[in-house]
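Report on the following structure.
Note that ligands are numbered from 1 as they come in the structure, with each ligand's atoms numbered from 1 the same way. As the structure is a computational prediction, the values presented were derived from the model and not from experiment.
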Amino acid sequence: MLFTTHAIVGTAIGAALQDPSLGFLGGFLSHHILDGMPHFDQGSFYTIKSGAPYLGQKRIPEEMNGGWIKRDWNMLFADWFLSGIAFVAIFYYSPLNFWVPLAGGALGGLMPDIIDSSPLWSKGLRAKIKSIAAYHKFHTFFHWTVTYKEMLWGVATQLAVILISLIYIALYMPR
Ligand SMILES: [Zn+2]
């Protein structure tokens with residue numbers, strides 16, 4: 001799932017729990033629930049048959065996909081840019097005492113991908129640390145990526161959770 005979606009949902013969870021550690025845990029948990037929803041991301045370009053692995057997902061094996069290409073990096077930078085705008089807007093809108101819980105929730109929501117989906121260090125971490133290799137299996141198992149052709153509904157699911165989170169923040173946040 002896209003960075004922006006995880007970041008915004010994590011932020012909303014941080015706002016709801018009003019505590020940075022609980023927000024972090026809630027955000028972390030939300031990551032795997034969100035990954036379980038049909039979604040579009042860089043992995044879609046490497047997905048041949050949509051679905052989670054237990055539903056018969058088919059992917060081009062990692063060893064054969066040639067690694068990240070320029071398109072994937074461009075998507076990541078666009079994704080970061082979008083989440084940056086969202087962060088500035090949400091933090092600007094929120095009272096100061098909410099900032100740390102919001103950041104905790106966002107960090108929790110992003111942490112699984114920071115550890116396990118980075119094109120720079122995740123492969124190395126898996127090779128060196130057994131528990132991260134096991135975590136990778138778990139992360140991949142609850143992961144429903146749609147194919148590139150199904151991009152539209154893979155984006156729609158994310159827009160829906162982003163919208164719900166933003167509405168929640170807007171209605172809930174004391175001004
Ligand atoms: Zn993930």
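Residue side and main chain included, Asp35 places an N/O/S atom under 2.8 Å of the Zn ion (ligand 1). Here His6 does not reach the Zn ion (ligand 1): none of its N/O/S atoms is less than 2.8 Å from the metal. Here His143 fails the criterion, with no N, O or S atom under 2.8 Å of the Zn ion (ligand 1).
Our summary of the site lists the angle at the Zn ion (ligand 1) between NE2 of His31 and NE2 of His139 as 100°, to the nearest 10 degrees.
Side-chain contact of Thr4 with Asp79: a donor-acceptor pair under 3.5 Å is present, judged by distance alone. Counting only N and O atoms by type, the side chains of Trp99 and Ser94 include no donor and acceptor under 3.5 Å apart.
Tested against His143 for a ring-ring contact (aromatic ring centres under 6.0 Å, His included), the candidates His136, His32, His39 yield a single pass: His39.
Geometric assessment of Arg71 against the ring of Tyr46 yields a positive cation-pi assignment under the 6.0 Å and 45° thresholds.
Atom OD1 is the N/O/S atom of Asp113 found closest to the Zn ion (ligand 1).
Contact detail for Ile114 and Trp121: the closest heavy-atom pair is O-NE1, 2.7 Å.
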